[in-house]
**Q** 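Please read through the structure below; I'll follow up with questions.
All values derive from a computational prediction rather than experimental measurement. In the text below, chain A, chain B and the rest are named by the order of the sequence lines, each starting its count at 1.
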Number of protein chains: 2
Amino acid sequence: MKTSCQHRHRHSHKKQELAALTSRLRREARKITGPRAAILEILRHHPHPLTNKEIFAQLPKGECDLATIYRAMQMLEKLGMVKRFDFGDGAARFELVGEGDDGHHHHLVCTRCAEVVEIAECFPEEIERRIANTNGFTGVTHRLEFFGLCPECQK
Amino acid sequence: MKTSCQHRHRHSHKKQELAALTSRLRREARKITGPRAAILEILRHHPHPLTNKEIFAQLPKGECDLATIYRAMQMLEKLGMVKRFDFGDGAARFELVGEGDDGHHHHLVCTRCAEVVEIAECFPEEIERRIANTNGFTGVTHRLEFFGLCPECQK
DNA sequence: AGCCAGTTGCAAACGGTTTGCAACTGGGTG
DNA sequence: CACCCAGTTGCAAACCGTTTGCAACTGGCT
């Protein structure tokens with residue numbers, strides 16, 4: 001069965017250079033400010049989606065305002081440098097996305113300890129296409145996350 | 001290809017009798033009050049998930065408080081009489097669930113006009129099982145919704 | 001060096017949801 | 001059938017994540 005994804009996503013966790021990130025910003029006529037560099041630095045070192053509050057907590061205190069993080073994430077999302085995920089707990093989470101990558105992928109989240117595993121599998125293309133055709137929809141994508149009990153929490 | 005769901009869900013839209021609903025409530029030692037009957041009455045006539053505010057708007061005005069709806073939906077969800085869905089717009093939606101049904105299913109939502117279509121397809125069981133096994137997780141489920149442009153909105 | 005669009009911090013506003021509390025009531029009991 | 005109380009309700013305030021108005025500030029161009 002073919003289950004690969006139509007979306008380009010490199011499941012490499014190699015960190016992007018900060019310089020590469022800032023040059024992407026500059027290219028979009030965005031300023032490289034202290035808060036932004038600090039936020040990118042945090043995201044860069046984090047393999048899993050972070051909430052704005054988590055980013056805030058990791059910032060050297062006083063480095064920047066929470067509102068600034070919200071604004072930065074909005075901008076980074078619009079530029080496609082960051083992808084927004086929703087684990088259903090009412091707080092958006094963000095993950096850095098490589099250049100040329102659309103960041104589409106899914107997670108397996110422990111419902112007890114919130115551990116997150118990145119998942120390679122995706123919803124089968126052909127079924128999604130069938131769903132779109134059957135209902136006459138175009139530009140169909142999906143939001144998909146898995147939930148369960150992680151090995152640690154089963155003990 | 002086998003894509004059916006391991007979860008029992010009858011995609012019948014036949015309305016449940018109000019009497020059946022209230023007897024389920026009574027069985028759980030819950031009181032049948034005016035607000036609750038009115039809420040069930042609304043849900044019963046609605047094929048698609050409703051937000052609490054939408055339910056509120058359909059209630060004869062003054063029938064009950066918004067907080068009461070929130071409390072009712074929490075209770076109904078706990079009793080398994082209602083299923084919560086999340087279309088990613090920050091408002092929970094609820095759909096009545098038949099007895100013996102777990103309500104697990106998915107939707108295709110128009111990103112422009114918010115039209116909702118119920119989807120029969122589900123994430124393939126065997127892949128989900130593989131994901132669970134590979135990562136040592138148990139009790140794995142998923143949250144899955146599709147988004148696209150409906151036929152009307154393509155014009 | 002100077003300028004200005006873009007950015008920031010702060011505080012207030014916002015929208016969905018929850019909660020404390022006092023008044024009320026469904027439905028079982030005597 | 002009247003009584004009683006756990007469960008329920010309305011109201012208002014609290015909550016929490018997120019957005020926004022505004023005045024002060026600054027990156028990076030000229």
Side-chain angles (χ1 to χ4, degrees), chain A residues 18-19 21-42 49-79 81-94 114, chain B residues 18-19 21-42 49-79 81-94 114:
Chain A
L18 186 59
L21 293 169
T22 57
S23 88
R24 274 172 86 181
L25 272 191
R26 229 182 302 268
R27 207 182 310 151
E28 301 277 356
R30 294 318 208 287
K31 292 180 182 172
I32 318 301
T33 61
R36 290 181 178 177
I39 291 168
L40 289 172
E41 197 58 27
I42 304 245
L50 292 176
T51 64
N52 285 340
K53 215 198 293 183
E54 285 167 344
I55 295 173
F56 185 62
Q58 304 218 9
L59 246 25
K61 89 178 174 55
E63 172 66 53
C64 99
D65 192 83
L66 190 49
T68 299
I69 300 182
Y70 277 95
R71 284 190 274 233
M73 301 318 287
Q74 278 187 184
M75 175 209 52
L76 292 172
E77 187 186 16
K78 194 166 313 176
L79 299 191
M81 292 181 57
V82 123
K83 174 129 179 103
R84 177 190 299 257
F85 290 97
D86 179 1
F87 290 176
D89 64 350
R93 279 151 216 271
F94 298 91
Chain B
L18 186 58
L21 294 169
T22 57
S23 88
R24 274 171 86 181
L25 272 191
R26 229 181 301 271
R27 208 183 310 152
E28 301 277 355
R30 294 317 209 287
K31 292 180 181 172
I32 318 300
T33 62
R36 289 181 179 176
I39 291 169
L40 290 171
E41 198 57 28
I42 304 246
L50 293 175
T51 63
N52 285 340
K53 216 199 292 183
E54 285 167 345
I55 295 173
F56 185 63
Q58 304 218 11
L59 248 24
K61 88 179 175 59
E63 172 67 53
C64 98
D65 191 83
L66 190 49
T68 299
I69 300 182
Y70 276 96
R71 284 189 275 233
M73 300 319 286
Q74 278 186 187
M75 176 209 52
L76 292 173
E77 186 185 17
K78 194 167 316 177
L79 299 191
M81 292 180 58
V82 123
K83 173 126 180 108
R84 177 189 300 256
F85 290 97
D86 178 2
F87 291 176
D89 64 351
R93 278 151 216 273
F94 299 90

**Q** Rounded off to whole Å, could you give me the CZ-to-C1' distance for the A:Phe87 and D:dG17 pair?
**A** 17 Å
**Q** Whole angstrom is fine here: how far is it from CZ in A:Arg93 over to C1' in D:dC16?
**A** 14 Å
**Q** For a 4.5 angstrom cut-off between non-hydrogen side-chain atoms, does A:Pro49 reach A:Phe94?
**A** no
**Q** Using a heavy-atom cut-off of 4.0 Å across all strands, would you classify A:Glu63 as base, sugar-phosphate, or nothing?
**A** sugar-phosphate
**Q** Does C:dT8 have OP1 or OP2 under 4.0 Å away from a side-chain N or O of A:Thr68?
**A** no
**Q** Quick check: does any side chain N or O of A:Arg36 sit under 3.5 Å from a backbone N or O of A:Lys31, one acting as donor and the other as acceptor?
**A** yes
**Q** When you compare the side chain of A:Val82 with that of A:Met75, does any pair of heavy atoms fall below 4.5 Å?
**A** no
**Q** Please report the distance, rounded to the nearest Å, between CZ in B:Phe56 and P in C:dG15.
**A** 15 Å
**Q** In whole Å, what is the span from the CG atom of B:Asp89 to the C1' atom of D:dT18?
**A** 14 Å
**Q** For nucleotides 25-30 of chain D, just jot down a letter per nucleotide in 5' to 3' order: B, S or -, based on protein non-hydrogen atoms under 4.0 Å.
**A** -BBS--
**Q** Please state how far atom CE in A:Met75 lies from atom P in D:dT19, giving the value in whole angstrom units.
**A** 14 Å
**Q** Spell out protein contact along nucleotides 18-23 of chain C as letters: B when the base is contacted, S when just the sugar-phosphate is, - when no protein heavy atom is under 4.0 Å; keep the 5' to 3' order.
**A** BBB---
**Q** Going by the rule ring-ring contact (aromatic ring centres under 6.0 Å, His included), which residues pair with B:Phe56 if we only count those two or more places apart in sequence or in a different chain?
**A** none
**Q** Work out which heavy atom in B:Ala38 is nearest to a heavy atom in B:Glu63; give both atom names and the distance.
**A** CB-CG, 3.8 Å
**Q** Please work out if B:Ala92 contacts a base, only the sugar-phosphate, or nothing of the nucleic acid, heavy-atom cut-off 4.0 Å.
**A** sugar-phosphate
**Q** Starting at atom CG of A:Leu76, determine the distance to atom C1' of C:dT7, rounded to an integer number of angstrom.
**A** 13 Å
**Q** What residues form a side chain to side chain contact (heavy atoms under 4.5 Å, CB included) with B:Leu18, not counting sequence neighbours?
**A** B:Leu21, B:Thr22, B:Leu40, B:Glu41, B:Arg44
**Q** Give the rounded distance in Å between these two atoms: CG of B:Leu25 and C1' of C:dG27.
**A** 14 Å
**Q** Under the side-chain hydrogen bond (donor to acceptor under 3.5 Å, both in side chains) definition, can you give me all pairs with a residue in residues 66-75 of chain A, not counting sequence neighbours?
**A** none
**Q** Got a sec, which residues hit salt bridge (charged side-chain N to carboxylate O under 4.0 Å, His left out) with B:Glu28, two or more places apart in sequence or on another chain?
**A** none
**Q** How many whole angstroms separate atom CD1 of A:Ile69 from atom P of D:dT19?
**A** 13 Å
**Q** Sort and list the pairs that fulfil side-chain hydrogen bond (donor to acceptor under 3.5 Å, both in side chains) and have at least one residue in residues 84-93 of chain B, not counting sequence neighbours.
**A** B:Glu77-B:Arg84, B:Asp89-B:Arg93
**Q** Among the candidates C:dT8, D:dG17, C:dG9, find the nucleotide nearest to the side-chain atoms of A:Cys64.
**A** C:dG9
